[in-house]
Protein chains: 2
Amino acid sequence: MIGSAGAGDRAAASGPAGGARRQRRVSMADVARRAGVSSQTVSRVSNGHPGVVDTTRRQVLAAMKELGYRPNSAARALKRGEFRTIGIITFSLSTTGNVRTLEAIATSAAQHGYATTLLPVAIPTQDEVRGAFTRLGELAVDAIIVIMEVHLLDAATVSLPPNVGVVVADSDAGDRYSVVDTDQAGGARDAVRHLLDLGHETVWHLAGPEESFAAQRRTDAWRATLQEAGRDVPAPLRGDWSAESGYRAGLRLAQEPHCTAIFAANDQMALGVLRALHESGRTVPDQVSVVGFDDIPDSGSFVPPLTTVHQDFAEVGRRCVEGALRQIGSDAEERGTTLVPTRLVIRRSTARPPAPAG
Amino acid sequence: MIGSAGAGDRAAASGPAGGARRQRRVSMADVARRAGVSSQTVSRVSNGHPGVVDTTRRQVLAAMKELGYRPNSAARALKRGEFRTIGIITFSLSTTGNVRTLEAIATSAAQHGYATTLLPVAIPTQDEVRGAFTRLGELAVDAIIVIMEVHLLDAATVSLPPNVGVVVADSDAGDRYSVVDTDQAGGARDAVRHLLDLGHETVWHLAGPEESFAAQRRTDAWRATLQEAGRDVPAPLRGDWSAESGYRAGLRLAQEPHCTAIFAANDQMALGVLRALHESGRTVPDQVSVVGFDDIPDSGSFVPPLTTVHQDFAEVGRRCVEGALRQIGSDAEERGTTLVPTRLVIRRSTARPPAPAG
DNA sequence: CCGCGCGATGTTTACGTAAACATCTCGCAT
DNA sequence: ATGCGAGATGTTTACGTAAACATCGCGCGG
């Protein structure tokens, strides 16, 4: 109702030309004229400032509605010197973790009255990243959240806009940036201990790609946990996070007669491992136990439902935003790493190892 | 190098205070002073306008570099009346399709020099959607792309900013908006025909949620294809896109003795169906064939690898951006629907039906 | 040899908002 | 009764950019 009335008014005002959509926007001055007040009063109403008597406020609000007034955020940003926007740099959104973190960031930012500008970096080369930062520098953002391996960010650092804070998710650059991350090590340790507690002699590992710090930390914790327990450390296999790479690795693991427990660095690769084991005739969990990492929504529907390490991506996103806003507020750079705890979700892909043959 | 030099200069200029990050930004006036020209000349250089002699241009560029100048996009947007930004309204990013479309949109927009502002709508109520549109109206966007079921958009329409074009993905509102969508009907028809061609008597259907037009269209096409072929149309089951709901439906389908072919409305539900069939002792594809929809990256690693309908989300995203830019350029609203074709990917979850028992 | 014209550059102004400052109008205390 | 102060509202100005308009200088033709 309201909206259409406004539209009607404006169409009428635009004269016989009609249909033109890009006529001048309704400004505070227009509202002020209509309401019979000054534009400053309109501004006060618009921003909820005190010191406007109730009758006046109502008049202004009425005028706003009639005209369909919307604040011009460009002018507002220019005047205030801030954009109320957070920029997000991210790699491809093909991994669940990135997506869920992104979603949480956007949601959390919105709750704080901030918009989010998305800057995907198609190819993870330093040139691409630097380009993204350059574009961000020209963009209207008050802070930047980076969801990516930070070593690709090094060369780009120099072109970082000097006035914006940076928060990095999923990285180890706590010495240079404010980092929010899942407690990869703790999660991996829980996964390995779970398998050892079940009675497995050792745990094989399907690692994520070399360039991922998250993958590296999971691998390190896997190795450390085995060593602490005095177990053999089998050579880890390496995948690229994809189910397909998990499948290939799984085929090889299926050939290892002593392999009774596998810790895959993410759920998608675990999915591939499950398929490979299934096709190789090795049953899960009776002959081989499998643990994943992430707890993606589908993992409860794998065959069998996957025991995995739950990551609280929402919390990661929330803390990223908090960190970004804190930096915006304080004008001071932050450093250091915040870890978000994980939780082991035990389903049906893990069990006690089979009784030793012979 | 360049960046750090600029930072050094500015730190020096800022005097002994040091460390303050939110000093005033370098403006065109600063650059102009440094280069010994007028700010208008700086503007011309900055925007690549002709009519600046080469030596002057070089001086200006040098001054920009020295000072670390970055255009203020707020002022630019205010002056130009456009933001070079596309707003994206989307539901939760839990479905692969939305995510991949989003990614394609952001990438494509960036290639056209446009930024993308993300506006997630947590709860798909009309109030939420309207709120999102209100926020977008205040946001700095030249066009809006909506990735959601459009009927939730109806009530919000009235508060649509009058100057921005709207493109909708995944909807049937071609009469009111410019819509880009996957050819749901064609894909569903291909899936069903594939199963019929294999010799199945009929095809059971696990539909998506009622409120999804995509789901509805897939269901309609499934029914129509069966009817065209003169087959029985079993009552469709309904899921909510999740693997878990697919599992529940799958358990019921496993009880149907005549059910030899299942068309699930998306891959995730198909995953759940596969698990349910497996646990019920019905082998895929020997006893039951299953087809999904989407071709998510993991579907090739399901057990067995899933035959599914591939959606070209990248193309959908690209066309959304093209449509949005066209509307920005022409100041005219567009309507009508653009369909992006699908492709049936045949893997190993489909086969000829088992020979009739007895 | 002078002026015309064009290309290069400078100056003015407006975009819409909101802070800072100015003014105005009451009510209340003296 | 009157003046003072607090609260309500109006006026001025600046944010950084870029269009529109103004000016300057130089080369070339008459």
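A note on names: the letters A, B, ... follow the listed sequences, proteins ahead of strands, and every chain is numbered from 1. Computed from heavy atoms alone, side chains included, the values below leave out hydrogens, waters and symmetry copies. Predicted model, so just to flag it, every value in this text is computed and none were measured.
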Integer-rounded Å distance: D:dA14 P and B:Asn72 CG: 18 Å

Any A:Thr41 side-chain nitrogen or oxygen under 4.0 Å from OP1 or OP2 of D:dG10: yes

Between D:dT17 (P) and B:Arg33 (CZ): distance, integer Å: 12 Å

Spacing between A:Met28 atom CE and C:dA19 atom P, to the nearest angstrom: 10 Å

Interatomic distance, A:Glu82 CD vs C:dA18 P [rounded to whole Å]: 11 Å

Between P of D:dA20 and CZ of B:Arg80, the distance in whole Å: 14 Å

Separation of atom CD in B:Gln59 from atom P in C:dG10, rounded to whole Å: 10 Å

Length of the NZ-P vector between A:Lys79 and C:dA18, whole Å: 9 Å

Set of residues satisfying salt bridge (Lys or Arg N to Asp or Glu O under 4.0 Å) with respect to B:Arg58, sequence neighbours excluded: B:Asp54

Approximate separation, where rounding is to 0.5 Å, of B:Lys65 NZ and B:Arg34 CZ: 14.0 Å

A:Ile145 side chain reached by A:Ile89 side chain, heavy atoms, under 4.5 Å: no

Nucleic acid contacts of residues 44-56 of chain A, taken as heavy-atom distances under 4.0 Å to DNA chain D: A:Arg44, A:Gly51, A:Val52, A:Val53, A:Thr56

Heavy-atom donor-acceptor pair, B:Thr116 side chain to A:Leu118 backbone, under 3.5 Å: yes

Out of C:dT11, C:dT17, D:dT11, whichever nucleotide has its closest atom nearest the side chain of B:Ser38: C:dT11

Sugar-phosphate only, base, or nothing, as touched by A:Ser43 at under 4.0 Å among non-hydrogen atoms: base

Between D:dA8 (C1') and A:Gln40 (CD): distance, integer Å: 12 Å

Exam field: side chain A:Thr85 to backbone A:Phe83, donor-acceptor pair closer than 3.5 Å: yes

N/O (side chain, B:Arg76) to phosphate O (OP1/OP2, D:dT17) under 4.0 Å: no

Side chain B:Thr107, main chain B:Glu103, donor-acceptor under 3.5 Å: yes

With sequence neighbours excluded, residues passing side-chain contact (heavy atoms from CB on, under 4.5 Å) with A:Gln40: A:Ser38, A:Ser43, A:Arg44

